[in-house]
Participant: 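Quick one: structure below, then a few questions.
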Number of protein chains: 2
Amino acid sequence: MEAKIKNTPARLAITQLFENTDSPIDIEQIIAFLRSKKLKTNKVTVYRIVDFLYKNEIINRLEFGEGKFRYEVKKEDHHHLVCSNCDVVEDVSDVFIDKFEKDIAKKGFLVKSHSLEFFGLCKNCQL
Amino acid sequence: MEAKIKNTPARLAITQLFENTDSPIDIEQIIAFLRSKKLKTNKVTVYRIVDFLYKNEIINRLEFGEGKFRYEVKKEDHHHLVCSNCDVVEDVSDVFIDKFEKDIAKKGFLVKSHSLEFFGLCKNCQL
DNA sequence: TAATTATATGCAACTTAGTTGCATTTGTCA
DNA sequence: TGACAAATGCAACTAAGTTGCATATAATTA
């Protein structure tokens with residue numbers, strides 16, 4: 001039998017945030033959101049809730065070379081276009097990686113997950 | 001005229017290390033190497049040398065979801081197979097990403113760089 | 001609806017990765 | 001062998017994330 005989860009205000013708010021947010025967010029942004037909802041949740045609690053969601057495969061953990069993690073709700077296999085100028089993150093759907101993974105399997109490596117991100121300039125920031 | 005670089009013992013040793021190392025290493029490993037060479041270089045200096053090599057595009061900076069950076073000498077476009085069990089890192093050559101980047105360009109995003117890593121189990125660790 | 005209790009939280013203190021300012025040292029080149 | 005820019009060391013700092021432990025609270029059940 002699974003551990004039963006308690007629907008605390010912090011957990012409900014964070015779940016709601018992830019459901020309504022499209023781009024990958026960091027702990028700081030989560031705390032800011034909680035503050036805006038008048039919840040003064042301790043950062044330790046935030047880390048623990050995020051950790052729980054991550055370990056239960058509800059959210060994904062990403063790194064964009066910033067020296068910290070970002071999180072987003074798990075969705076269909078996709079990758080990110082990260083603008084180095086304005087930090088906008090766009091999604092791109094997966095097309096090729098499956099094939100790639102088959103080639104790798106032939107070499108004897110068992111792929112469990114992958115990460116693919118593109119860095120550059122979005123439409124606006126090229127002007 | 002470019003800044004003239006001084007060939008200090010630390011810089012020479014670190015350059016040598018990168019030239020002789022195949023898999024991506026972190027700051028801790030660099031310091032361990034320096035110690036093994038009887039150099040008790042301060043960590044600040046190590047960070048500064050690595051930073052210099054990175055900014056001068058001699059080495060690449062990578063993230064494998066560990067909450068820290070790893071570095072390797074720049075070489076032909078390739079990706080990594082990271083074993084979650086024994087931390088061995090294998091290289092795979094790039095096949096598809098160029099095509100992918102062309103598709104992305106059509107959408108108006110200007111790709112400057114990308115990162116692609118696969119996580120899973122190497123041959124040995126599957127037994 | 002009150003007692004029970006596992007689950008969740010807050011706090012303070014800690015760790016690890018990386019950074020900054022400033023005084024001192026050291027390669028290099030003339 | 002000076003002179004001086006470049007590099008280093010030190011100490012103190014920041015930022016991200018973690019741990020132990022005491023307290024609080026959501027949810028169950030009597």
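All chains are named by letter (A, B, ...) in the order of the sequence lines, taking the proteins before the strands, and each is independently numbered beginning at 1.
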Participant: Between B:Y47 and C:dG18, is there a side-chain N or O to OP1/OP2 distance below 4.0 Å?
Facilitator: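 Yes.
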
Participant: What is the distance, rounded to the nearest whole Å, between atom CG of B:D51 and atom C1' of D:dT8?
Facilitator: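 Value for this atom pair: 15 Å.
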
Participant: If you check every side-chain atom of B:N42, which of D:dC10, C:dA17, C:dG10 has the closest atom?
Facilitator: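 For the B:N42 side chain, the nearest candidate turns out to be D:dC10.
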
Participant: For A:I27 and D:dT18, what is the distance between atoms CD1 and C1' respectively, to the nearest whole Å?
Facilitator: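 Answer to the nearest Å: 12 Å.
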
Participant: Given atom CD1 of A:I25 and atom P of D:dA16, what is their separation to the nearest angstrom?
Facilitator: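 After rounding, the gap between these two atoms is 15 Å.
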
Participant: Tell me whether the side-chain N/O atoms of B:R11 come closer than 4.0 Å to OP1 or OP2 in D:dA7.
Facilitator: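 Yes, within the criterion.
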
Participant: State whether the distance check finds a donor on one side and an acceptor on the other, under 3.5 Å, for side chain B:K43 versus base C:dG18.
Facilitator: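 Yes, the side chain and the base share a sub-3.5 Å donor-acceptor pair.
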
Participant: Identify, with sequence neighbours excluded, every residue that meets side chain to side chain contact (heavy atoms under 4.5 Å, CB included) alongside A:L12.
Facilitator: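 By the side chain to side chain contact (heavy atoms under 4.5 Å, CB included) rule, A:L12 matches A:N7.
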
Participant: In this structure, how many angstroms lie between the C1' atom of D:dA15 and the NZ atom of B:K68, rounded?
Facilitator: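 These atoms are roughly 17 Å apart.
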
Participant: Would you say the side-chain atoms of A:E117 pair up with the backbone N or O of B:S115, donor to acceptor, closer than 3.5 Å?
Facilitator: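 A pair under 3.5 Å: no.
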
Participant: With a cut-off of less than 4.0 Å, is there a side-chain N or O of B:T45 near OP1 or OP2 of D:dA7?
Facilitator: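 Result: no.
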
Participant: What nucleotide, of D:dT18, C:dA17, D:dC21, holds the atom closest to the side chain of A:R48?
Facilitator: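 Selected nucleotide: D:dC21.
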
Participant: Starting at CG of B:N42, measure out to CG of B:L34 and round the result to the nearest 0.5 Å.
Facilitator: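 Output value for this atom pair is 11.0 Å.
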
Participant: So, for A:Y54 and A:F69, is the gap between ring centers shorter than 6.0 Å?
Facilitator: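 Judged by ring-centre distance (under 6.0 Å), A:Y54 and A:F69 do not meet the cut-off.
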
Participant: To the closest 0.5 Å, what do you measure between NE2 (A:H80) and CG (A:D91)?
Facilitator: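 Between atom NE2 of A:H80 and atom CG of A:D91 there are 5.0 Å.
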
Participant: Calculate, to the nearest 0.5 Å, the distance between atoms OG1 and CG belonging to B:T45 and B:L39 respectively.
Facilitator: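 Taking OG1 in B:T45 and CG in B:L39, the distance rounds to 11.0 Å.
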
Participant: Rounded to the nearest Å, what distance is computed from the CD atom of residue B:E63 to the P atom of nucleotide C:dA17?
Facilitator: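 Atom CD in B:E63 sits about 13 Å away from atom P in C:dA17.
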
Participant: Between P on D:dA15 and CZ on A:R70, what's the gap in Å once rounded to a whole number?
Facilitator: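 Result: 16 Å.
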
Participant: Identify the pairs formed between an N or O of the protein and an N or O of nucleotides 26-30 of chain C at a distance under 3.5 Å, and give each distance.
Facilitator:
residue: C:dT26; atom: O2; partner: B:K6; partner atom: NZ; Å: 2.5
residue: C:dT28; atom: OP1; partner: B:N7; partner atom: N; Å: 3.0
residue: C:dT28; atom: OP1; partner: B:N7; partner atom: ND2; Å: 3.3

